[in-house]
Amino acid sequence: MYRLIKTEGSARRGEFVTPHGTVQTPAFMNVATCGAIKGAVSALDLKNLKCQVQLCNTYHLHLRPGDETVRKLGGLHKFTRWDGPILTDSGGFQVFSLAKLRNITEKGVTFASHIDGHKIFMGPEESMQIQSNLASTIAMAFDECVENPAEYEYARSSCERTIRWLYRSKAEMNRLNSLPDTINKQQMLFGINQGSTYDDLRIDCMKRIRELDLDGYAIGGLAVGESAEIMYHVIETVEPEMPKDKPRYLMGVGTPANILESVRRGVDLFDCVLPTRNARHGHAFTWEGCRNMFNAKYELDDQPLDTACNCPTCRNFSRAYIHHLFKSGEMLAMRLCVMHNIYFFNSLFEKIRESLDQDRFSEFYEHNITKISQRI
RNA sequence: GGAGGAGUUCCAGAGCGGUCAAAUGGGGCAGACUGUAAAUCUGUUGCUUUACGGCUUCGAUGGUCCGAAUCCAUCCUCCUCCA
């Protein structure tokens, strides 16, 4: 259940109530694809990093360790020791990112496993079954994420199929939630808006999927090749058609600037690999901008990554030390930087919520939008 | 004392008469990354020029040759083996 607390322009401050806890929105969902935040960060660490929601992946966990295995072990919450809400992505993005290894039909998609090449079939029913076994709080509908730019006709027919898949996802989820052996019988389902960069497709898709009265609605197929301006335009186009009483989730986005722009346009939930992947690659997000900790200028810099940050990394370690750890290939470099970036992203959302609570989001936006996106 | 071997660009190490400013690693310096096939990938790494190009490099010094990192002589330094 979603409760809208207040708005400022299109920006929304709300609460998303789930069986595993209430999410204060806008919120960031921390990506733990294989059941762990990459960079040696566990669910226990997440408790100290202002994390509210963990995101795991259907496709990856189906391959390893296998969703049946996770089910036998009591579901993802027990398995990963994260007791807050968990959202599982449906595997739809892998249809896109493993494009060379696939074959799409009306029934579903045949993948070649990225691990050993063996054939895997996944359609809406299979995706729901896997997510039910994983027992996440929120399941995502099985969709196709189309790369931009896309031909209109392909975007249209793909979007139509994604909508048909959504009906099947919904029916299968209802069935699974009613089975006696299902771990989480209250598993929620989010639908996904597609339609590439075409306004009419996006609007038509949104109007049709909102009929299903799902637990939340995602905007998918963005940040996959189009410019940021086009992405913002698509959000502005779709947002008026999205239910006011359901959480809106912008999938896979994004940079701190993308997030500020999207919150301003009415988005409640986000997820992105940027804070963790870039951290592993030596980049630290700060309120001053993004730092590349490999850069020689940090060799003798005794300050914390972000002088305004209160994360476990910044409370204890210097830029010089982290620079040294990266140059030395120590995995502690990644762990410290990943923890910082996760804390930073979750803090960014905390500050966004505070500013909304105090009716000064636009001021917060103006103050940060330029600085936060620069490289320093 | 005798017999061999080796000295190459930041390091290791190829090259053994022209197509060599010199392969390939590493290191250095930067860049990318947006529902994670990613602790990954890319660029760059003698000086100079916007570029074409020019200039100086392969232990040192001389020499042979149209032309030398590559051939010859001497010297210096290291390594191995035999006394």
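Keep in mind that this is a model prediction, so the values were computed, not measured. All values below come from the heavy atoms of this structure, side chains included, with hydrogens, waters and symmetry mates left out. Residue numbers begin at 1 in each chain, while the letters A, B, ... track the order of the sequences.
Judged as a side-chain contact (heavy atoms from CB on, under 4.5 Å), and not counting sequence neighbours, the contacts of T286(A) are E288(A), R291(A), D306(A), H340(A), I376(A). Remark: H323(A) pairs with Y298(A), E299(A), K327(A) by the side-chain contact (heavy atoms from CB on, under 4.5 Å) rule, at least two apart or across chains. For R164(A), the salt bridge (charged side-chain N to carboxylate O under 4.0 Å, His left out) partners at least two apart in sequence or on another chain are E106(A). With sequence neighbours excluded, the residues forming a side-chain contact (heavy atoms from CB on, under 4.5 Å) with K6(A) are R13(A), D359(A), listed by chain and number. Residues forming a side-chain contact (heavy atoms from CB on, under 4.5 Å) with F121(A) (at least two apart in sequence, or on another chain): K107(A), T110(A), E126(A).
Residues from residues 338-346 of chain A that place a heavy atom under 4.0 Å from any atom of RNA chain B: there are none. A heavy atom closer than 4.0 Å to some atom of RNA chain B occurs in D143(A), C145(A), these being the qualifying members of residues 138-150 of chain A.
Grouping Ile, Leu, Val, Met, Phe, Trp and Tyr by side-chain contacts under 4.5 Å, direct or through others, puts L201(A) with Y152(A), Y198(A). Under a 4.5 Å side-chain heavy-atom criterion applied to ILVMFWY residues, the cluster that includes V17(A) comprises M1(A) as well.
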Side chains of residues 212-220 of chain A: which donor-acceptor partners sit under 3.5 Å, not counting sequence neighbours?
{"from": "D213(A)", "atom 1": "OD1", "to": "K246(A)", "atom 2": "NZ", "distance (Å)": "2.5"}
{"from": "D215(A)", "atom 1": "OD2", "to": "L189(A)", "atom 2": "N", "distance (Å)": "2.8"}
{"from": "Y217(A)", "atom 1": "OH", "to": "I209(A)", "atom 2": "O", "distance (Å)": "3.0"}
{"from": "Y217(A)", "atom 1": "OH", "to": "R210(A)", "atom 2": "O", "distance (Å)": "3.4"}
{"from": "Y217(A)", "atom 1": "OH", "to": "D213(A)", "atom 2": "N", "distance (Å)": "3.3"}
{"from": "Y217(A)", "atom 1": "OH", "to": "L214(A)", "atom 2": "N", "distance (Å)": "3.0"}

Going by atom type alone, with no hydrogens or angles, which donor-acceptor pairs under 3.5 Å involve a side-chain atom of residues 48-55 of chain A and a protein atom two or more places apart or on another chain?
{"from": "K50(A)", "atom 1": "NZ", "to": "E350(A)", "atom 2": "OE1", "distance (Å)": "3.0"}
{"from": "K50(A)", "atom 1": "NZ", "to": "E350(A)", "atom 2": "OE2", "distance (Å)": "3.4"}
{"from": "Q52(A)", "atom 1": "OE1", "to": "Q24(A)", "atom 2": "N", "distance (Å)": "2.8"}
{"from": "Q52(A)", "atom 1": "NE2", "to": "Q24(A)", "atom 2": "O", "distance (Å)": "2.9"}

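Distance noted for atom C1' between A22(B) and C58(B): 8 Å (whole Å).
Side-chain to base pairing of S97(A) with U36(B): no donor and acceptor N or O lie closer than 3.5 Å to each other.
Here G31(B) sits opposite C41(B) as a Watson-Crick or G-U wobble pair (both hydrogen-bonding atom distances under 3.5 Å). Pairing for A22(B) is absent, with no Watson-Crick or G-U wobble pair whose two atom distances lie under 3.5 Å.
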Using a cutoff of under 3.5 Å, can you pull out all pairs of nitrogen or oxygen atoms linking the protein to nucleotides 39-41 of chain B, with atom names and distances?
{"from": "A39(B)", "atom 1": "OP2", "to": "R280(A)", "atom 2": "NH1", "distance (Å)": "2.6"}

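Summary of the strand contacts: S90(A) and N292(A) both lie near RNA chain B, and taking for each the nucleotide with the nearest heavy atom, the more 5' one is attributed to N292(A).
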